[in-house]
Every structure is written in structure tokens, then in C-alpha cells.
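Worksheet: one structure, shown below.
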Amino acid sequence: MRVAVIGTGYVGLTTGVSLAFLGHQVTCVDVNESKINQLKSGILPFYEPLLKEILAVAQPNIAFSVSLPDAVQHADLVFLAVGTPANPDGSPHLGDFFSAAHQTIQSLRNKETPAVLVNKSTVPVGTSDQIQEWVEQSGLGLKVSVASNPEFLRQGRAVLDTLYPDRIVVGGDEPAVEALRQLYADIIGQRFAEPAGAPRPSHLHEVPFLAVDRRSAEISKYAANAFLAMKISFINEIANVCDRVGANVHHAAQIIGLDPRIGSSFLQAGIGYGGSCFPKDTRALQYIAETSGYDFKLLSAVIEVNNAQKFILLDKVRAELRHLRGKKIAVLGLSFKPQTDDMREAPSIPVIQGLLAEGAEVYAHDPIALDNARKLLPPSVHLESRLHDALEDAEAALLVTDWPEYLNLDPEYIRQIMRRPLWIDGRNALGPAVRSGIEYRGIGVDAAHFADPAQNKKETHYETEPQYLV
Ligand code: UDX
């Protein structure tokens, strides 16, 4: 099928490249000309495993353009995958999205054959209905139908999640649903040769395809992200209690996770969630509920817990070192999670902000996010491309992102190069062999160091909203 994808962020580009990989004829469009020129020469605007490899295979089927009207003219399906960042009040900013939707409708006027306008951006419930209304007001109702097709891909696994999804959700009327069923037929039936490095999960033979109304499709995306965020905040609170009562959150998570009604994933306690989706989408759902007249108390608590959780590392390092002034502290990992260079809502930012506020000398390392981090952090932060330089003579290391290269260092090496081999593990990720060879503090895991209840009431209070330092 002929497809136009508007927006070349994680969702748009992964969708476009994957559809081209499956044999569809795809044009990816973006207003950013330099990004499009880079893509034309095979350079990706962000790091995402496997994307470059499948782009190489998909090359004959994909084009990149800055012209939305040209791309839309020839498309059976037009995907809107434009960013919807948060406004200060938590509502999603829809300016770019609406402008792309209007331009698309305008361009579809000149098209003779039918088309489906598919929304992949995360938007408030009712937005796709609103676009359908604009389509009808433009006199295109018989030719164009609008669908909501929410995206559940994770950064760092975007290609795998697109080719091997848990489900495909389509909200819309019959013609839109059938066009998308046809577009995704090879994914639904898993009838494509698996790309190198991306083996098909052994259990996967058929992907559930759910056809619903547009509003239900839209809320399902928010509900999925809010639920996963809730699991993380829940286990983080259990971890905080474990710290106070001398229990181990690993054991608690494993035990509750074996109950299929709970499930074992997303129960990794740590310093909370970040990234481009969970923080934004939980705030957006809170806003959507509020403006519909409903106070979503549980979701507000999820957000509040996550905002506070980032600062637990600071409480722990202060408890060990007393004061931080003039002390070298290594911060390990800057991106919001491993396998991405994305710094959006990364917990490393407020953690570093807190360390600097207390006078620490911050030496930070990340395998791939240093360039992006440099734009957000002040020059006083030493950004080290060699892990050794971050750790050397440091009085503590704060593990913020669980990149694999941090997890299996030789404890003897750590003891030799650090002034004090103290690791505060914000992801509970170090293995037992390393833990036992250094001074180790995790989150809700080290019963031997559980806090003195008299100290438990002391908590750090910083700005809870994400703050950029420059
Ligand atoms: C998420 C959703 O998983 C995806 O379905 C949606 O489309 C977009 O948002 P992503 O933001 O890429 O994807 O990352 P994810 O792997 O879900 O992790 C989100 C955050 O939660 C990360 O900061 C991660 O470190 C944290 N996390 C995750 C935990 O703290 N504990 C866990 O157990 C799992």
C-alpha cells in the first residue's frame, strides 16, 4: 500500500521504516529540512537499535520529503505521528499536530482516490472524532475516513515492538479499520521473514487486532501508560517501606509477580520513570480527567510518588557522606533508560541539579547520551566519555541509568580507583558479586543498612517539576 507518515520522531520513523521493510511504499515527511536531508543519506536523527539495519533493507521502498502535500497526494493511508509535548498545565500541546492535520485535509481535497487519515500521536480523547468532523466539513466525508491507531512501542525496543506487537488497536469506521487490517496483515499473521538481529518471539503466531471506536482507542493508550506508571510507583513505595523495615523489595516483587493477576514486569524498583511518554501521558490523563469533571486521585498519587522518588539517591548519599561540598561524585548514566540517547525527563537531570545545589563536584558518564546531555547541563558538570575518569577518586557513584557496562565491573577495580567504593544503585541493578565487594546501597534491598526510624522522617524537598539547568 502507499503510505505517507507525517513526523519523523521515534514513532513516525519507526512506523515508516517498518512498513517499508514489509514492502509498502512509504514517504516520511518532516518540516525539519536538515533532518530530512540526513535521512536521505541514511543518517538517523536518534539512536535506536535495529532501525538503521532495517532501513538499509527497506531503502528501495522509502522516500523522505519536506513536502506534505506531495506525499499525501499519492497515499492510501496518511499517518499523523507529530509530537504532542506537555504544556505547563499538563495538557498536551496540539499546535503542530492540528497544523499537520489541517494541511493533510487540505491536500486530500485534490486527491481522487479514497484515503485513510490515521492518528498515531497521543492525543486527548475526542481528538480523532474532531478531525473526522473537519474532514466532513471540508466535503471529504465520502472519500476520507479517520482512524486512531495508538502506538505502544518502547524506545530502545521500537523496532521489535513494531514488528512483534502485543496488540494492534484501531479506532474508527469500517473503511478505516479494513484499510489498516490490510496494511498490517503481515504483522497480524506474522508472515514476514524476521530481520537479522530481531528474532520473532517463539510464542508469537498471530497478533490480536482490536477494532473499536476512536475514543476507546485513544483512552487505551493513556490507560496503558498510566497503569504501567502505577506499577512502578507502587513498587517504589514498597521499596521505600522495605528500607524502613529491613525487608527486601526484590523478594517482594518476585513473590507478588508470580501471581498472574499482578504479573512480574514493571516491578523493578528504583528512582522512578522518565522518558517522553510516562511523565507526559500521566499528566495529560490527569488533565483530561480533571477537565471532564473527574478527580483521578490514584493517578495524582502515582505522579507525586514519581516526582519525589528521584531525590532518594540524594538522601542516601547525604546519609553516607554527611555533606557533599567539594566532594567528587560520579553519576553513571544520563539517558532516561538504557539503549537510548533520549534525555527527556531523565531523572539524571534533577539528581545532578540536587548534587550541584549541595556543592558536589559532579563527574557524569553515559555511553551515548553525552552530546544530548551537554545541551541540558551546565558547564560545571564534567561529562566524561571514559567511565574510568568519572569513577577515579570519586567518593561515591550514583547509578542512575542501568547501562550494562556499569553492572559487572570488577569490585577490586572499583576499590582501587575510587576514594571510597560506595555505590548507590538507583536501579537496583548490580549483581550480587559486585555488591558484596563494594560498599553497596540500593533502594529497598539492603536490609543490613535499613535506616534508623528516627531518621526516616527527613526528606529532601526540591522542585518537583522537571527543570532544565541551562
Ligand atoms: C513507554 C511504554 O512502555 C510504551 O508502551 C509507550 O508506548 C511509551 O512509553 P518508554 O518510555 O520507551 O515506553 O520506556 P519503558 O521501557 O516503558 O520505561 C519507562 C520508564 O520506566 C523508564 O524510565 C524506566 O527506567 C522506568 N521503569 C520501567 C522502572 O523504573 N521500573 C520498571 O519496572 C520498568
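Whatever order the structure lists ligands and atoms in, that order sets their numbers, starting from 1. Just so you know, these numbers use all the heavy atoms, side chains as well, and skip hydrogens, waters and symmetry mates.
Not a single heavy atom of K231 sits closer than 4.0 Å to an atom of ligand 1. Assignment of R157 to the shell around ligand 1 is not supported, since no heavy atom sits closer than 4.0 Å. At least one heavy atom of G274 sits under 4.0 Å from some atom of ligand 1.
Residue-to-ligand polar distances keep C277 apart from ligand 1: every N/O pair is separated by 3.5 Å or more.
Scanning the protein for heavy atoms near atom 31 (N) of ligand 1, the closest one is Q268 O, 3.0 Å. Taking atom 10 (P) of ligand 1 as the reference point, the nearest protein heavy-atom neighbour is K337 NZ, 3.8 Å. Summary of contacts: the protein heavy atom closest to atom 1 (C) of ligand 1 is F278 CE2, 3.5 Å. The protein heavy-atom contact nearest to atom 5 (O) of ligand 1 is F152 O, 2.7 Å. Counting protein heavy atoms only, atom 12 (O) of ligand 1 is closest to Q155 N, 2.7 Å. Among protein heavy atoms, the minimum distance from atom 29 (C) of ligand 1 is reached at I232 CD1, 3.6 Å. For atom 20 (C) of ligand 1, the nearest non-hydrogen atom of the protein is Y273 CB, 3.6 Å.
For F209 and Y184, the gap between ring centers reaches or exceeds 6.0 Å.
Remark: R157 is not positioned above the aromatic ring of Y164, lacking an NZ or CZ atom under 6.0 angstrom from the ring centre and at most 45 degrees off the axis.
Residues E218 and R215 are not paired through a salt bridge, judged by the lack of any N-O separation under 4.0 Å between the basic side chain and the carboxylate. Ion pairing between D342 and K337 fails under the 4.0 Å rule for side-chain N and carboxylate O.
The two residues P411 and V434 come nearest to each other via the heavy atoms CG-CA, 4.0 Å. Heavy atoms only, all atoms of each residue included: N236 and Q268 are closest at OD1-O, 4.3 Å.
Counting atoms of ligand 1 from 1 in the listed order, those under 4.0 Å from a heavy atom of L153 are 4 (C), 6 (C), 7 (O), 8 (C). Atoms of ligand 1 lying under 4.0 Å from at least one heavy atom of E151, given by number and element, are 7 (O).
Under the 3.5 Å distance criterion, with hydrogens and angles disregarded, no donor-acceptor pair is assigned to the side chains of E345 and S276. A donor-acceptor pair shorter than 3.5 Å cannot be found between the side chains of Y287 and N87.
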**OP:** Dump the intermediate steps for salt bridge (charged side-chain N to carboxylate O under 4.0 Å, His left out) on D425 and R441, then the final yes or no.
**Re:** CA-CA 6 Å; D425 182 355; R441 307 287 178 269; over 6 Å; no
